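To start, the structure under review is shown below, and the notes come after it.
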Amino acid sequence: MAEESMCCSNSFELSPDEERIMIRDIAISSQANTKEGDTFFIITQRWWQHWIEYVNQDQTNPSYDGSSFHEHSDLARSSSLKRPADIDNYDLIDNNGPEDSSTGIEIHDTLLEGRDYVLLPHEVWDQLFKWYGGGPTLARKVISSGLSQTEFAVEVYPLRLQLLVLPKNVQSSIRISKKETIGQLHKKACEIFDLQLDQVRIWDYYGHQRHALMNDMNKTLDDVNLQMDQDILVEVVNITNNTSFAQENGSAHRETNSVLVEPSKFAGGLSTSKGASRGNNIELSSSQKLNSPVRDSENPYGTLGVTTRGSFGGLTGLLNLGNTCFMNSAIQCLVHTPEFARYFREDYHQEINWQNPLGMVGELALAFGELLRKLWAPGRTPIAPRPFKAKLARFAPQFSGHNQHDSQELLAFLLDGLHEDLNRVKHKPYIKSRDADGRPDEEVADEYWANHIARNDSIIVDVCQGQYKSTLVCPVCNKVSVTFDPFMYLSLPLQSATNRAMTVTVFSCDGSTQPSPCTVTVPKQGRCKDLIQALSNACSLKHNERLVLVEVRNHLIHRYFEDPLQLLSSIKDDDRLATYKITKMDKNTKYLQLIHRRRDSDSQTISGWKPYGTPIVSVISCDDTITRGDIQVLVNRILSPLLLKGGNAAASAEINTVSNSINKDTTVSKATQLPTLPLLLVDDNNACIDLSMGEDKVVKLSPSSARVLVYIDWSQKLLEKYDTHPLETLPEVLKYGPVTKKARTEPLSLYTCLEAFLREEPLVPEDMWYCPKCKERRQASKKLDLWRLPEVLVIHLKRFSYSRSMKHKLETFVNFPIHDFDLTNYIANKNNSQRQVYELYALTNHYGSMGSGHYTAHIKLLDENRWYNFDDSHISLISEDEVNTAAAYVLFYRRVKTDDEIVSNGD
């Protein structure tokens, strides 16, 4: 410790900035030369962040070139930040975990790089340790990973294996790299239990079942697919007659059952380094084979080169790794799809498309297949899907981390990703689709499907893909376009209503009334003219008035709704709308936009004033001469309803008697005394003209702009004279609140949702269709029809509506059939005489609100004909009556074979 203290004292000779530069240069140099076998060191994120802040405290724009250290931009700027104390990694240590017989130190199983720890090259660690000392030291090796074994990753979590010895009935936990060989594991086991090498043979004892004798000493533990926390049977051989204890005394499993302990409920793997994929990758070689001791008669899948670790299962849960219930529920539904369960438990490696640029070079399929096999293995010990999540984070970063995600979005990615990884088409031909052009639908549909299969042929297509007919009609030339497109799932809307409630705040510009919100009901597929008409009726609009409708965003006018044919679907529920009663005029006019501002000490603007409240729109004549006093009169009149009683009653009376001079040919008497408001007019050069002085001065209106911008700056003194609350509260178009009892209890038929999905509707503006006849983009009407249905029909109930700032959830109870879901009458292909009947076998559920809710799955084990609730690691039996709830989110249906189909297939 004396040497460590001396080293630490030497570091005080360096300034924080000198430390930063030195570590930066060391990091850049070391990372450029990273190779397999190098050592990295784990350091607690808490200490590292303190050091980063310390060395950057004098930097204006701190940056750090050691990109894998996850430096942060929000660093302290205080020059008084204290130098970090000794390195303290003890918050990473798991004192309650199983003791590692090789090192004696175990870290927590759920640590995340960037959140809990940082990985440092040994040169960086050595320098920091020299300066600061501390510990404990947590060294980890760089290993090769990836299918090509050309990527580097730091093995933060080496394999933890439970060694079980017979006949001694003792056990020990060991940490060992998955790149170590069976021979090295053999040697370490003998050292731990004081055995001779020729006395011992070791077995893959996954799930307390002997699966393979591990006697190829040159194979790595990765090659033989050992898993985190699995059991290894160390069998002592009787040297005199070359028999094992298990052979003499029966099953090893039976003899040791009393001393076996349940493996740890967490698994680990790899963490990132230079060029590595994130997380804990468990790679599978395409040629990997496990020699299972199970006889062919005991193995329902034959000698396929892979062990299924048993022939029964399906009741294994998945550990929640931190908000991963969205993933767990989707995985369980796919794993319990019978076609997938059969496919991935057989030898599917020959179908992996290693070269597909749209796929994940087979890694997603391998990771999913390995996870499926574990979930169908015997036993019910929950599995930590850490390797699979790591692959997922690598290929779909949007699902990384510990945030809650949408299980349907994950499901869509998985189905598409698995399809590309398993696409039997190695070289996709270029095929140009033709329009129908009057040809029979059957001919066109078959042509489209053949073209699709020529480019897309996988187990996913075989099982999950169907085809629908899409008809587009141009509203101008009536051109009809018919295409037949594939689908992987159906996303059905839950809103059966045809109307929509919309709230808009109405402003009167003549000073007659205060602003007030107005809620009207309009057609859901209506247009702006329908909303304007409904508002006109609701606010008793006079014959000489009209309404100007705008969207307000950030206290400014975001857009005017000037096209009466604009679809109301372009207005989101969390938009904020205002409408202004404007007097109709025969003269040329411009809109006057009154923008409210108030002083803000935190404002970044030069003036210190920032917009607030709701802007107000009025009109002024372009044909008349407009003075500064005229604009003062207009604004006084607009704001008059907000004057507080007693604050300026006389002025209020004056305002109400003044004629609207800028909308009529008369002028205001200069004797009329009105409050002078702090108004600023923005001219063509973006300069502000003070309208509080020189009331007779003429205002020059820009001929190029259709709008006149005026600011009113609300001082504290002015705010005391007006009630500005109506300006500060602009409600959303539709405010989502607690779900009413009615909404919860009113059922909605799944057939009704399907009919709404198939109903003809106009395209939304952002999806305008290019009409080949008009040569223009048109807002065509679109009609979908089901044409070809898949073996497994996945139905997504659109419970979540997304907008710019919020996600809303519909708690509607959907009455979906469990048996006899008959879609025969919904098929547009009338040449298909077979009945299209489906039966539910799985579904995901979502409880609570978006972002903070919880996912589960209800799954029917078809062999048992019983339903189970899969809630992460917890699985419980449920009755069929409990399956249908208001939480149902994604439904999985299997086609029911008709009697004719069963006969034709020889079943």
Side-chain angles (χ1 to χ4, degrees), residues 495 499-509 513-539 541 545-582 589-598 610-620 638-639 682 705-712 724-737 762-768 779 801-808:
Q495 301 94 328
N499 293 328
R500 175 187 184 187
M502 301 184 72
T503 298
V504 182
T505 301
V506 180
F507 289 80
S508 176
C509 296
T513 57
Q514 284 198 356
S516 62
C518 179
T519 301
V520 295
T521 300
V522 293
K524 183 173 293 184
Q525 299 302 324
R527 301 179 185 270
C528 279
K529 63 178 182 179
D530 300 313
L531 178 57
I532 293 291
Q533 185 60 53
L535 290 169
S536 300
N537 296 335
C539 68
L541 196 70
E545 293 178 325
R546 63 186 180 93
L547 292 179
V548 175
L549 183 66
V550 303
E551 178 190 348
V552 176
R553 194 180 297 179
N554 296 324
H555 311 292
L556 301 173
I557 293 177
H558 177 65
R559 57 174 168 166
Y560 285 79
F561 295 96
E562 297 179 300
D563 181 4
L565 297 181
Q566 183 172 345
L567 285 174
L568 294 179
S569 57
S570 66
I571 302 174
K572 308 303 181 186
D573 286 341
D574 64 343
D575 288 344
R576 299 175 190 271
L577 303 187
T579 189
Y580 308 96
K581 292 182 181 181
I582 302 294
T589 59
K590 290 180 181 289
Y591 289 133
L592 183 144
Q593 291 182 186
L594 181 65
I595 307 297
H596 307 279
R597 301 194 304 182
R598 66 190 302 179
K610 64 181 294 186
Y612 106 105
T614 306
I616 299 177
V617 174
S618 186
V619 292
I620 56 176
I638 292 172
L639 298 179
V682 181
S705 176
R707 296 169 179 84
V708 177
L709 181 60
V710 174
Y711 290 127
I712 176 170
T724 58
H725 180 74
L727 299 177
E728 298 167 358
T729 55
L730 190 67
E732 297 174 350
V733 167
L734 179 60
K735 180 67 176 178
Y736 281 81
L763 295 174
V764 294
E766 52 265 31
D767 291 334
M768 300 279 272
Q779 194 170 22
S801 63
Y802 299 84
S803 59
R804 283 185 307 275
S805 59
M806 297 187 68
K807 299 175 181 179
H808 307 299

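Everything quoted here is computed from the prediction, not taken from an experiment.
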Looking at [X] and [Y], what are the two nearest heavy atoms and their distance?
{"X": "L547", "Y": "I532", "value": "CD1-O, 3.9 Å"}
{"X": "C528", "Y": "D563", "value": "CB-O, 3.7 Å"}
{"X": "I638", "Y": "S618", "value": "CD1-CB, 3.9 Å"}
{"X": "P523", "Y": "L568", "value": "O-CD1, 3.9 Å"}
{"X": "E732", "Y": "T503", "value": "O-CB, 3.7 Å"}
{"X": "C539", "Y": "K581", "value": "O-NZ, 3.2 Å"}

Interatomic distance, [X] atom [atom1] to [Y] atom [atom2] [nearest 0.5 angstrom]:
{"X": "R576", "Y": "E551", "atom1": "CZ", "atom2": "CD", "value": "10.5 Å"}
{"X": "T589", "Y": "I582", "atom1": "OG1", "atom2": "CD1", "value": "9.0 Å"}
{"X": "R500", "Y": "S569", "atom1": "CZ", "atom2": "OG", "value": "8.0 Å"}
{"X": "L730", "Y": "H555", "atom1": "CG", "atom2": "NE2", "value": "10.0 Å"}
{"X": "L592", "Y": "R707", "atom1": "CG", "atom2": "CZ", "value": "12.0 Å"}
{"X": "Q779", "Y": "L567", "atom1": "CD", "atom2": "CG", "value": "4.0 Å"}

### Message
The test is side-chain contact (heavy atoms from CB on, under 4.5 Å); show your working for L763 and M768 and say whether it passes.
### Response
CA-CA 6 Å; L763 295 174; M768 300 279 272; 6.0 Å; no
Would a distance-only check, ignoring hydrogens and angles, find a side-chain to backbone donor-acceptor pair under 3.5 Å from [X] to [Y]?
{"X": "R553", "Y": "H558", "value": "no"}
{"X": "D530", "Y": "R527", "value": "yes"}
{"X": "H596", "Y": "Y612", "value": "no"}
{"X": "Q593", "Y": "L709", "value": "no"}
{"X": "T579", "Y": "V548", "value": "yes"}

### Query
Is K590 atom NZ crowded by more than 12 heavy atoms from other residues, nucleotides or ligands, each under 6.0 Å away?
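Yes, NZ of K590 has more than 12 neighbouring heavy atoms, counting only those of other groups under 6.0 Å.
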### Message
Are more than 12 heavy atoms, taken from residues, nucleotides or ligands other than N537, located less than 6.0 Å from that residue's CG atom?
### Response
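Atom CG in N537 is packed in, count exceeds 12.
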### Query
For F561 and L531, what are the C-alpha separation, side-chain angles and deciding distance, and is it a side-chain contact (heavy atoms from CB on, under 4.5 Å)?
CA-CA 11 Å; F561 295 96; L531 178 57; over 6 Å; no
Do the side chains of [Y] and [X] get nearer than 4.5 Å, heavy atoms only?
{"X": "L727", "Y": "I616", "value": "yes"}
{"X": "L535", "Y": "C518", "value": "yes"}
{"X": "Y591", "Y": "V708", "value": "no"}
{"X": "Q566", "Y": "R559", "value": "yes"}
{"X": "T724", "Y": "R598", "value": "no"}
{"X": "P615", "Y": "I595", "value": "yes"}
{"X": "Y580", "Y": "V550", "value": "yes"}

### Message
Under the side-chain contact (heavy atoms from CB on, under 4.5 Å) test against L577, which residue among I571, T505, V552 passes?
### Response
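The residue from I571, T505, V552 that satisfies side-chain contact (heavy atoms from CB on, under 4.5 Å) with L577 turns out to be I571.
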